[in-house]
Amino acid sequence: MRTRVLIRLAVILSVAGMTTAAFAASADDFKAAYAKAEAAAKQAVKMKTAWTTTGKELKAAKKAAAAGKYDKAVEMADHARGLAEASIAQSKEQAKIWPDAVIR
């Protein structure tokens, strides 16, 4: 089951990487990507399933944007969104399968 989550994460991250590599990002692109990532991260926190790496990636994205490296900042924001979405997916999957692991 964890393999499925990791595969989903890999797919999300690779797609995010492909979409950001195709263009030169601007400040507006970063703001849009960051807003999506922040929303996903907030949802993960609300569900109490957030991974610690998500917050670190969001901070790094902000730092890259502040330095004017918008391509890298958008890439990092997309990665953070992927991490948040993967943590949510993992939580939902575990909620479904945990009863099978309980000894009866």
Side-chain angles (χ1 to χ4, degrees):
M1 297 299 165
R2 289 183 186 201
T3 305
R4 251 191 294 170
V5 172
L6 294 176
I7 291 171
R8 286 181 193 155
L9 175 62
V11 170
I12 289 169
L13 296 177
S14 63
V15 169
M18 284 187 286
T19 58
T20 59
F23 65 93
S26 67
D28 290 335
D29 296 325
F30 167 70
K31 288 177 186 175
Y34 190 85
K36 289 177 185 176
E38 191 173 40
K42 284 181 180 179
Q43 182 182 1
V45 168
K46 184 177 179 182
M47 294 174 67
K48 297 181 181 175
T49 185
W51 293 345
T52 57
T53 51
T54 306
K56 292 175 185 176
E57 196 71 11
L58 284 171
K59 284 182 183 179
K62 264 191 174 179
K63 188 175 180 179
K69 298 177 183 177
Y70 295 114
D71 288 337
K72 186 69 174 169
V74 169
E75 182 181 329
M76 291 174 151
D78 286 343
H79 184 237
R81 188 185 80 216
L83 291 170
E85 290 173 353
S87 71
I88 292 167
Q90 179 187 32
S91 175
K92 289 178 180 179
E93 181 181 15
Q94 293 299 316
K96 288 180 185 176
I97 65 171
W98 80 267
D100 294 336
V102 175
I103 299 173
R104 299 171 200 208

task: Identify the heavy atoms of V74 and A33 that sit nearest to each other, and give their distance.
output: CG1-CB, 4.1 Å
- prompt: Which pair of heavy atoms, one from F30 and one from A61, lies closest together, and at what distance?
  reply: CE1-O, 3.7 Å
message: Are Y70 and L58 linked, directly or through intermediate hydrophobic residues, by side-chain heavy-atom contacts shorter than 4.5 Å (ILVMFWY only)?
response: yes
field: H79 NE2 to T54 OG1 distance, which is reported to the nearest 0.5 Å
entry: 8.5 Å
- prompt: How long is the span from the NZ atom in K96 to the CD atom in E93, to the nearest 0.5 Å?
  reply: 8.5 Å
- line: Looking only at heavy atoms, the pair that brings P99 and A95 closest together is CD-O, 3.9 Å
field: Heavy-atom pair with the smallest gap, counting every atom of A64 and M76
entry: CB-SD, 4.2 Å
List, one per line, each side-chain donor-acceptor pair under 3.5 Å for residues 34-49, sequence neighbours excluded.
residue	atom	partner	partner atom	Å
T49	OG1	S87	O	3.0

